[in-house]
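Scope of the values below: all heavy atoms of this structure, side chains included, with no hydrogens, waters or symmetry mates. Index from 1, following the sequence.
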Amino acid sequence: MHERLRDYLTELVDRARTVLGDNLVGAYAAGSVGLGAYQPGRSDVDVALVVAGPVDPAAKRALVDRLRHEALPCPARGLELVGYRRDVAASGTAEPGFEVELNTGATMPFRATYDPADRPVADGRFWYALDRSILRQSGLALLGPPAAEVFADPEPAALRRLICTALDWWLTLPAPDGPAPGSEDAVLGACRSLARVRSGTWLSKVDAGRWVLGQGWHADLVGRAIAARHGGPPPTGREARAFQRWVRAEVAGMH
């Protein structure tokens, strides 16, 4: 792990423990850090905190105040932090179920949400169960027991429904006809979804793209999407959307 990132995560956990005390039972690096694909300058820092019981409103706000970028500068694009009760983390629920959510960073819009009911439906409510599934497999314990002992997967059919819902959400976003920055992530994110339901394993976006290439599917498009992560031109928005629709049909058709 990069030294700046390691120091940041150590300080983040120390501050969370100061606010939450004995209620904090675990802290886990998720996303690209957990999957071993952290890319300085491009990746976010994803962290899940696990608490024994509910967090009172004052503690939620204190946690946000102590961890937001202005108080603890994030060395990446931004921090995406979610706190869960341990019973929620272990339930396999498809619901958001969080205690507090914080998005903060130099180039990331600030968001603090203190109740799942306040999460706008248009922003998607499927992220959390998918993130917990990735955490179960690949979460890096910064504090507490191994992630596989804390987090649970949704049932397979529920997981497929969540993935289809996520793809539907992406398909509602604008898609320029020409090369579109970010379309490589749309393609590779769809690759990750397909790899998970076909192989049973969550992969990083690039590794998922390579897995799809290994199956002989959409080689030109996926190859260009991987190359775009390293400075090449991105695919067009139209190509990305067509690929997402194909992946959605593949996932929806599985039983």
Side-chain angles (χ1 to χ4, degrees), residues 30-32 44-51 54-57 60-61 63-64 67-69 77-105 107-136 151-176 180 182-183 185-194 196-197 202 205 237 240-254:
S32 60
D44 300 329
V45 177
D46 298 275
V47 174
L49 302 179
V50 179
V51 292
V55 181
D56 66 63
K60 292 180 183 182
R61 286 170 171 77
L63 187 69
V64 167
L67 298 185
R68 64 183 298 164
H69 180 71
R77 188 184 80 91
L79 167 69
E80 295 187 348
L81 178 137
V82 186
Y84 300 105
R85 296 194 317 272
R86 185 160 189 174
D87 63 308
V88 172
S91 69
T93 180
E95 296 302 313
F98 60 82
E99 290 290 299
V100 60
E101 175 185 37
L102 170 65
N103 291 356
T104 183
T107 59
M108 177 181 287
F110 176 81
R111 179 202 295 269
T113 311
Y114 302 102
D115 188 302
D118 297 330
R119 169 81 180 185
V121 174
D123 290 346
R125 297 171 61 84
F126 50 82
W127 307 99
Y128 308 93
L130 295 177
D131 287 345
R132 292 192 296 265
S133 178
I134 296 172
L135 277 158
R136 175 178 175 81
F151 296 94
D153 266 331
E155 291 296 322
L159 183 64
R160 290 194 300 272
R161 286 194 297 271
L162 284 163
I163 287 172
C164 286
T165 300
L167 289 163
D168 288 339
W169 184 87
W170 280 105
L171 285 164
T172 66
L173 300 180
S183 63
D185 285 331
V187 170
L188 297 177
C191 289
R192 179 160 62 185
S193 295
L194 185 59
R196 174 60 181 81
V197 296
W202 288 109
K205 288 179 179 177
R241 293 300 180 264
F243 181 73
Q244 287 173 315
R245 285 191 289 271
W246 176 77
V247 169
R248 193 201 184 288
E250 290 289 313
V251 173
M254 294 182 65

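Minimum interatomic distance between P174 and R241 (heavy atoms only, all atoms of both residues): O-NH2, 3.2 Å. Taking each heavy atom of D46 and G31 in turn, the nearest pair found is OD2-CA, 3.8 Å. Among all heavy-atom pairs drawn from M254 and R160, the shortest one is O-NE, 3.5 Å. Closest non-hydrogen pair, E95 versus R125, comes out as OE1-NH2, 4.2 Å. Nearest heavy atoms, G124 versus W169: N-NE1, 3.8 Å. Between A90 and A152, the shortest heavy-atom contact is O-CB, 3.4 Å.
In this structure, the side chain of T104 engages the main chain of H69 through a donor-acceptor pair within 3.5 Å. Put simply, the side chain of R85 never gets that close to the backbone of P54: no donor and acceptor are under 3.5 Å apart. The backbone N or O of D123 sits less than 3.5 Å from a side-chain atom of R119, completing a donor-acceptor pair. No donor-acceptor pair under 3.5 Å is formed between the side chain of K205 and the backbone N or O of R192. Proximity of a side-chain donor or acceptor of R245 to a complementary backbone N or O of L171 within less than 3.5 Å is not detected.
Rounding to the nearest 0.5 angstrom, the gap separating the CG atom in L79 from the CG atom in N103 is 7.5 Å. Rounding to the nearest 0.5 Å gives a distance of 6.5 Å between CZ of R196 and CD1 of I163. Separating the CZ atom in F98 from the CG atom in L81 is a distance of 11.5 Å, to the nearest 0.5 Å. With values rounded to the nearest 0.5 angstrom, D44 atom CG is found 8.0 Å from T107 atom OG1. Distance CD/Q244 to CG/L194: 12.5 Å, rounded to 0.5 Å. Between the CG atom of L102 and the NZ atom of K60 there is a distance of 13.5 Å, given to the nearest 0.5 Å.
The shortest side-chain heavy-atom distance between R132 and T93 falls under the 4.5 Å cut-off. Under the 4.5 Å side-chain criterion, counting only non-hydrogen atoms from C-beta, L63 is in contact with L49. For the pair V247/L167, a side-chain contact is recorded, criterion being any heavy-atom separation below 4.5 Å from C-beta on. For the pair V88 and V50, the minimum side-chain heavy-atom distance is 4.5 Å or more.
Residues meeting the ring-ring contact (aromatic ring centres under 6.0 Å, His included) test with F243, sequence neighbours left out: H218, W246. D115 is linked by a side-chain hydrogen bond (donor to acceptor under 3.5 Å, both in side chains) to nothing, counting only residues two or more places apart in sequence or in another chain.
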Checklist entry - Can V64 and F110 be said to form a side-chain contact (heavy atoms from CB on, under 4.5 Å), step by step? => result CA-CA 11 Å; V64 167; F110 176 81; 4.0 Å; yes

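Exactly one residue among S193, S133, P154 makes a side chain to side chain contact (heavy atoms under 4.5 Å, CB included) with L162. That residue is P154.
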